[in-house]
Number of protein chains: 2
Amino acid sequence: MSSSNAIGDSTVIQQRNLVEQVADYLTQAIISQKFAPGERLSEVQLARDLGVSRAPVREAARLLESRGLLVSQPRRGFFVRGLDAAELNDIFDLRLCLERHAMLRLVDDFDADKEQALRCQVEVMCEVATGDSESHKIEEDLVFHRMVIAFAGNRRLLKAFDDISHELRLCLALIGKTHADPDTISTSHWLLLDALASGDPGCCREAIDYHIGVARDYVVQGIGESTS
Amino acid sequence: MSSSNAIGDSTVIQQRNLVEQVADYLTQAIISQKFAPGERLSEVQLARDLGVSRAPVREAARLLESRGLLVSQPRRGFFVRGLDAAELNDIFDLRLCLERHAMLRLVDDFDADKEQALRCQVEVMCEVATGDSESHKIEEDLVFHRMVIAFAGNRRLLKAFDDISHELRLCLALIGKTHADPDTISTSHWLLLDALASGDPGCCREAIDYHIGVARDYVVQGIGESTS
DNA sequence: GTTCCACAAACTGTCGACAGTCGACAGATG
DNA sequence: CATCTGTCGACTGTCGACAGTTTGTGGAAC
């Protein structure tokens, strides 16, 4: 559901607009910490560097602002979002809120197809876990959790998740370390699947609370180390 | 032709950000159904009507898009968001998700000050309920629920609520009728306060589930009537 | 050495303009 | 009559430019 083009992927006529390209560039630059947290971004300089005018740069920056990767001050411009431990806690608390809700909605009509799709995704996650591309690991993990929410059937809920997913990427990238162990990944996510398969809401809630709790503690601890 | 300026009551007030002014104007126009759902908005025409250039209009439109009041199609422009029953259900389901979480967080450190502030707000709601300004009633109701979430202490959760609050305003405005009875308002919200004061999470969850459920049913029913 | 003020550089907010693209409509073709 | 095609108008995406504001710097006053 992530790549949406009915034609295919080879001969896609992707006349992508500049705004998206600039937004992708900025997102990548922020997540890879090419721009330091708190750094001021100049519209003119960005436009010069990217060889475009200020209009698409500005629009892309506003987009990233709505995604929480940039903050803007009137007449002063855009700054790279810095995250302290408190904000990080808030983000993971909201994530828990959304995912818990999705689990409780999903458990009511969980079927074999959905379970199969999710198990498949866990396999993918284990595969990339053996590689050394941090961004791939993060991305596939997000795909799994996004699938859970998508299966819950509430598009608005999914949009809310997509909104914070950008911030999540930033968090995870900022601490720079991910739990690379395939065993840990598979067991921790299978626990979620088992909970869904059991059909017991209480069990689901417990499982997701634990799962997100572990992730949050891990990230908060990581931030504590990186900012010390 | 560019002599008339439609923003605000007085003439050209350029002290405040133009983008904000245009966004306010558009929001008001959409909520008051001056623009019909699904209607296409022309950047040039809006800019002409408001006596500004296309840049702030475009930026404001993107803002409203991020708030869910407009949708954009590449190379085709902006369209006023139309809401069907399914989307409406999704929005209220997400609202339930956020508010339930806030209630459960808040119940842990609920104190007399917060209770006092919330009871005060209920008084205000009852006062405006006797008047005939629909928007005032909606606004004060949203203030109450926003206070609950703000007291929960998660700023990111509050931002998520602010995001959907614009869509909520649209929903509530679209059906055009609000439960004007002060008695109903006071009792239904006092139930929430009592639940919080009791300190029992289960009680809170039950109370907010009921509260949002009633509101959702009411709005969904209203939409069903208005679109039939 | 510190503080204050003035000036210059750079930046954002806003504007008007141009080019490529989309949708509608009329005319051609079967 | 239905369908395809070429043209036209309107609109969005993008650009460069101007004006007012913010910021950083350097010198003068104390």
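Residue numbers begin at 1 in each chain, while the letters A, B, ... track the order of the sequences.
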B/Glu43 side chain: which of D/dT12, C/dC15, D/dT14 is closest? D/dT12
If you count the non-hydrogen atoms of other residues, nucleotides and ligands that lie under 6.0 Å from CD in A/Gln33, is the total more than 12? yes
A/Asn17 side chain, from C-beta outward: closest of D/dG13, C/dC15, D/dC15: D/dG13
Options D/dC15, D/dT12, C/dT12, nucleotide nearest the side-chain atoms of B/Arg58: D/dT12
Closest contact, heavy atoms only, B/Leu63 versus B/Ser66: O-OG, 2.7 Å
Below 30° counts as parallel, above 60° as perpendicular, anything between as tilted: where do the rings of B/His145 and B/His211 land? tilted
To the nearest Å, give me how far apart CZ (B/Phe79) and P (C/dC22) are. 13 Å
Atom-to-atom span, CG of A/Asp49 to P of C/dC11 - whole angstrom: 11 Å
For atom CZ of B/Arg48 and atom P of D/dT12, their distance in whole Å: 11 Å
Between atom CG in A/Leu46 and atom C1' in C/dT12, what is the gap in whole Å? 13 Å
Nearest 0.5 Å, what's the CZ-CZ distance between B/Arg58 and B/Arg62? 5.0 Å
Once hydrogens and angles are ignored, does a donor-acceptor distance under 3.5 Å link the base of C/dG13 to the side chain of A/Arg76? no
Classify the side chain of A/Arg54 versus the base of C/dG13 as yes if they form a donor-acceptor pair under 3.5 Å and no if they do not. yes
Looking only at the side chain of A/Leu18 (C-beta and beyond, no hydrogens), which of the listed nucleotides C/dT12, D/dC15, C/dC15 gets closest? D/dC15
Rounded to whole Å, how long is the line connecting atom CZ of A/Arg75 with atom P of D/dA19? 14 Å
Within the 4.0 Å heavy-atom criterion, would you say B/Leu41 contacts the bases, only the backbone, or no part of the nucleic acid? sugar-phosphate
Can you tell me how far P of D/dT22 sits from CZ of A/Phe78, to the nearest Å? 17 Å
Can you measure B/Glu20 atom CD to C/dT12 atom P for me and round it to whole angstrom units? 18 Å
Less than 4.0 Å between a side-chain N and a carboxylate O, is that true for B/Glu123 and B/Arg119? no
Minimum-distance nucleotide to A/Arg40 side chain [options: C/dG13, D/dT23, D/dC11]: D/dT23
Rounded distance (Å) that lies between atom P of D/dG13 and atom CD of B/Gln73: 11 Å
OP1 or OP2 of D/dC15 less than 4.0 angstrom from a side-chain nitrogen or oxygen of A/Ser53, does that happen here? yes
